[in-house]
Amino acid sequence: MMVRVAGVYLSYPFCAQKCTYCNFVSGVGRAEEAHQYASALERELHNHKWQWTPETIYLGGGTPSTMPLDDLGSLLSLIPGRPWQEATIEAAPGTITPERARAWADHGITRVSLGVQSFIETEIRRTGRKHTALMVEHEIGILRACGLTNINIDLIAGLSGQTEARWCESLDWIARLDPPHVSVYMLEIDEDSRLGKEILLGGVRYGATDVPGEEQIARFYEIAVERLDDLEIRRYEISNFARPGFESRHNLKYWKLEPYAGFGADAHSFNGAARRQNPETVREYLEGRPAECTAANIAEERFFVGLRLSDGIQPQPDEWRLHQKGIHRFLDDGLLETDGVTLRLTPRGVLLSNEVFQEFLLS
Ligand code: SF4
């Protein structure tokens, strides 16, 4: 019997431009390579033995909103379970047209995640992106007219040139556009990104000398938590906020350690016991390099991943014992709280979550 439990992730690592802060294995690909890639993805999906009926789909990238519509239709037709409970496509502002939005809805897409990052023009330009706030407003109108009302907007706290006033202006746009889901990421400079390299070299490109400090970024994040809460868009995971019922069902599977299957370059899969990672780059994927499998450490991952959720986790008796040193240390420090059954991060623990997770990875 097939069970409806799992998620499907499709990776499309092609972008119109490389953002200055990005360290993903995405790149600006040629149309021909993107088409070869879509064919390889089709083969992988076609050869997959489905042991369950997918419940959710997530098309991430990269910029899957630029995928030719024929390719998108072919790929989605190979995934059983339609209509899925949730099928998300990540989209870059500036790529949404009525034709695309209509085709996405026809192909079974139910949710669009918009990589806006900021509504402030100087901040946007320094990331290398080309959109404007008015463009985002217009494209959200297109999506809604096509019935795609389940919309997420991504924002980044800590972009170069960001001030408290400008950050609040981006949050004002959220109030105005009224999406049911918002993701807020605190910028972490990766030394492999163009911005990271520029900072290491002491250069000035991409606004490298104008990146807010850690404390300021944490302050921006806290402002967002408050402002979104006022809009009844509540935090349910460290970086994710939603109106009740609009939490991302697909992403919840990652944090609840439910199974999912990933297809495409660098895609990850989890079957409840083991993890599998596809070859990292498009070239390696097209060469047909094998995926790498590793056993999952559930007792470790439940803490590392599950504690990201506002609801926290309910550790098993042996997990309380295994992690007792770390748990007591963070309870004493006020970074964790418990009622004896559930363990969760405190508001301060959310800001210092990397420190907490590190402890559970090492114990
Ligand atoms: S941030 Fe997103 S859109 Fe920008 S280069 Fe990275 S994957 Fe592409």
Side-chain angles (χ1 to χ4, degrees), residues 9-31 33-34 37-38 41 58-68 71-72 88-97 100 104 111-133 135-136 139-140 151-162 170 181-199 205-208 211 217 239-240 248 250-251 254 262-268 277-285:
Y9 177 81
L10 299 185
S11 150
Y12 190 74
F14 298 95
C15 300
Q17 79 290 314
K18 188 76 186 167
C19 300
T20 52
Y21 58 82
C22 180
N23 66 340
F24 293 167
V25 283
S26 62
V28 185
R30 287 171 291 117
E33 189 183 37
Y37 178 82
L41 206 47
Y58 197 100
L59 273 131
T63 312
S65 56
T66 58
M67 191 191 295
D71 288 340
L72 180 73
T88 303
I89 188 166
E90 282 184 353
T95 64
I96 296 172
T97 61
R100 278 189 173 144
W104 294 344
R111 183 172 181 271
V112 179
S113 177
L114 277 170
V116 175
Q117 320 309 358
S118 168
F119 288 90
I120 308 301
E121 205 151 335
T122 45
E123 294 173 19
I124 297 168
R125 296 295 165 268
R126 285 176 177 182
T127 70
R129 294 181 176 223
K130 299 186 178 70
H131 63 268
T132 62
M135 210 185 260
V136 175
E139 294 186 349
I140 285 183
I151 293 167
N152 168 56
I153 292 182
D154 282 347
L155 289 181
I156 297 181
L159 288 177
S160 169
Q162 203 167 70
S170 277
H181 193 289
V182 179
S183 300
V184 179
Y185 300 101
M186 288 189 269
L187 184 74
E188 286 178 28
I189 307 281
D190 189 286
E191 44 190 56
D192 287 331
S193 67
R194 283 192 287 157
L195 177 61
K197 287 181 182 147
E198 193 68 11
I199 291 174
R205 286 185 299 174
Y206 324 125
V211 175
I217 295 175
S239 306
N240 287 281
S248 164
H250 181 86
N251 289 340
Y254 300 142
F263 299 86
D266 202 34
H268 294 237
Q277 183 184 359
N278 273 0
E280 207 176 346
T281 64
V282 169
R283 180 177 299 181
E284 288 165 349
Y285 179 71

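Both ligands and their constituent atoms are indexed starting at 1 by order of listing.
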Going by the order shown, which atoms of ligand 1 are within less than 4.0 Å of some heavy atom of [X]?
X	value
Phe24	7 (S)
Cys15	3 (S), 5 (S), 7 (S), 8 (Fe)
Gln17	5 (S)
Thr63	3 (S)
Gly62	7 (S)

For Arg126, which residues count as a salt bridge (charged side-chain N to carboxylate O under 4.0 Å, His left out) partner, sequence neighbours excluded? Asp210
Which residues satisfy the ring-ring contact (aromatic ring centres under 6.0 Å, His included) test with Tyr21, sequence neighbours excluded? none
Using a heavy-atom cut-off of under 4.0 Å, does the side chain or the backbone of Thr127 touch ligand 1, or both, or neither? neither
Can a donor-acceptor pair be found, under 3.5 Å and without considering hydrogens, that links the side chain of [X] to the backbone of [Y]?
X	Y	value
Tyr37	Ala265	yes
Asn23	Asp192	no
Gln117	Ile124	no

Does [X] reach ligand 1, in the sense of a heavy atom lying below 4.0 Å from it?
X	value
Ala92	no
Glu90	no
Arg129	yes

Has Cys19 got an N/O/S atom less than 2.8 Å from atom 6 (Fe) of ligand 1? no
For residues Asn240 and Ser183, is any side-chain donor paired with an opposing acceptor at under 3.5 Å? yes
Taking atom CD as the centre, does Gln277 end up with more than 12 heavy-atom neighbours from other residues, nucleotides or ligands that are less than 6.0 angstrom away? yes
